[in-house]
Amino acid sequence: MARKKKLALTMSDGVEVRDLDELRRHFDGESAMKYFRDGRLLDWLIARYYEEEAEAVAAIDKDDPEASKKLCVALGVDHEKYFDEEFLTRVDEKRKILKTKTKDETIIGNARLTALTQEDLADLLDLDEPKIYLCGEKFTVPWGALSKPKAKKAPSPKTKKPSRN
């Protein structure tokens, strides 16, 4: 008997998630809500036998103003980390700026993980993002961030290492 191929969900960082732990690690609110609204998230959960999560997701009304909060509870992720209004507004701004710099949808799709300013970089480091893209002229990357395996340095911007005192 042929085995049915289970499709992955592609998150905004480009990772194709195939299990619930990967979904939680690479979760982003925008992709999750898109998959929730079009039904692919529920199908994905059912195909992988995540029965409790599927039941909880199926019970959420797509037009409910609290849908994003309920979805996060169902999937076991922190709503505030992924649905902070100020953060989402900034991601939209970054996406618009990136669209003026490139037509590459992969880069634009990673707007959430892109630092355009030093403040963006600080916010992303505070969120412990596993990968951060730098798009700008100059960034100061703290020593602690450079020593962590999660920190990624983009080749194009100039980085200034702080002096050790």
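Treat the numbers as computed from the prediction; the structure is a model and nothing was measured. Side-chain atoms are counted along with the backbone in the values below, which use heavy atoms only and exclude waters and symmetry mates.
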**Report entry** Whether Tyr50 side chain and Leu20 backbone form a donor-acceptor pair below 3.5 Å
**Finding:** yes
Query raised in the report: Would Lys69 and Val73 count as a side chain to side chain contact (heavy atoms under 4.5 Å, CB included) if you check the C-alpha gap in whole Å, the side-chain angles of each, and the deciding distance to 0.1 Å?
Result: CA-CA 6 Å; Lys69 288 181 184 174; Val73 169; 5.7 Å; no
Requested in this report: Output yes when Glu93 and Arg90 qualify as a salt bridge under the 4.0 Å nitrogen-oxygen rule, no when they do not.
Outcome: yes
Report task. Find out if a path of hydrophobic residues (ILVMFWY) with successive side-chain heavy-atom gaps under 4.5 Å connects Ile97 to Ile108. Result -> yes
**Report entry** Smallest separation among heavy atoms of Leu42 and Ala54, with atom names
**Finding:** CD1-O, 3.3 Å
Query raised in the report: Is Arg48 salt-bridged to Glu53, going by a charged N under 4.0 Å from an acidic O?
Result: no
Report summary line: Note: Leu121 and Thr140 closest approach over all heavy atoms is CD2-O, 3.7 Å
Query raised in the report: At what distance, to the nearest 0.5 angstrom, does OG1 of Thr117 lie from CG of Leu134?
Result: 10.5 Å
**Report entry** Side chains of Val77 and Leu71 in contact at under 4.5 Å (non-hydrogen atoms)
**Finding:** no
Query raised in the report: Above 12 or not: heavy atoms from other molecules or residues under 6.0 Å from NZ of Lys34?
Result: yes
Report summary line: One should read off an interatomic distance between Lys96 NZ and Lys99 NZ, to the nearest 0.5 angstrom, of 8.5 Å
Query raised in the report: Would you say Glu55 has more than 12 foreign heavy atoms packed within less than 6.0 Å of its CD?
Result: no
Report summary line: In short, Met33 meets Ala67 closest at the heavy-atom pair CE-CB, 4.2 Å
Query - Partner residues of Tyr35 under the ring-ring contact (aromatic ring centres under 6.0 Å, His included) criterion, sequence neighbours left out - result: none
Query raised in the report: Passes side chain to side chain contact (heavy atoms under 4.5 Å, CB included), Asn110 versus Leu98? Steps please.
Result: CA-CA 10 Å; Asn110 281 303; Leu98 289 171; over 6 Å; no
Report task. Enter the distance from Thr114:OG1 to Arg95:CZ here, rounded to the nearest 0.5 Å. Result -> 9.5 Å
Query - Rounded distance [0.5 Å steps], NZ in Lys70 versus NE2 in His79 - result: 11.5 Å
Requested in this report: Output yes when Asp13 and Lys131 qualify as a salt bridge under the 4.0 Å nitrogen-oxygen rule, no when they do not.
Outcome: no
Requested in this report: Sequence neighbours left out, what pairs pass side-chain hydrogen bond (donor to acceptor under 3.5 Å, both in side chains) with at least one residue falling in residues 37-46?
Outcome: Asp38-Arg40
Report summary line: In this structure, CG of Asp120 is separated from CD1 of Ile132 (nearest 0.5 Å) by 10.0 Å
Report task. Check the surroundings of atom NZ in Lys101: do more than 12 heavy atoms from other residues, nucleotides or ligands lie under 6.0 Å from it? Result -> no
Query raised in the report: With the 4.5 Å side-chain cut-off for hydrophobic clustering, are Val17 and Leu41 part of the same group?
Result: yes
**Report entry** Hphob cluster co-occupancy, Ile107 + Val15, side-chain heavy atoms under 4.5 angstrom
**Finding:** no
**Report entry** Gap between atom CG of Leu9 and atom CG of Asp19 - 0.5 Å precision
**Finding:** 11.0 Å
**Report entry** Nearest atoms (heavy-atom pairs only) where Ala115 meets Phe139
**Finding:** O-CZ, 3.3 Å
Report task. Determine whether Tyr82 and Val57 fall in the same hydrophobic cluster, where Ile, Leu, Val, Met, Phe, Trp and Tyr are linked whenever their side-chain heavy atoms lie under 4.5 Å apart. Result -> yes
Report task. Please check if the side chain of Asp28 supplies one atom and the backbone of Ser31 the other of a donor-acceptor pair under 3.5 Å. Result -> yes
Requested in this report: Taking all heavy atoms of Ser12 and all of Arg112, pick out the closest pair and write down the distance.
Outcome: OG-NE, 3.9 Å
Requested in this report: Over all heavy atoms of both residues, which pair between Arg18 and Glu22 is shortest? Give the atoms and the distance, please.
Outcome: N-OE1, 2.7 Å
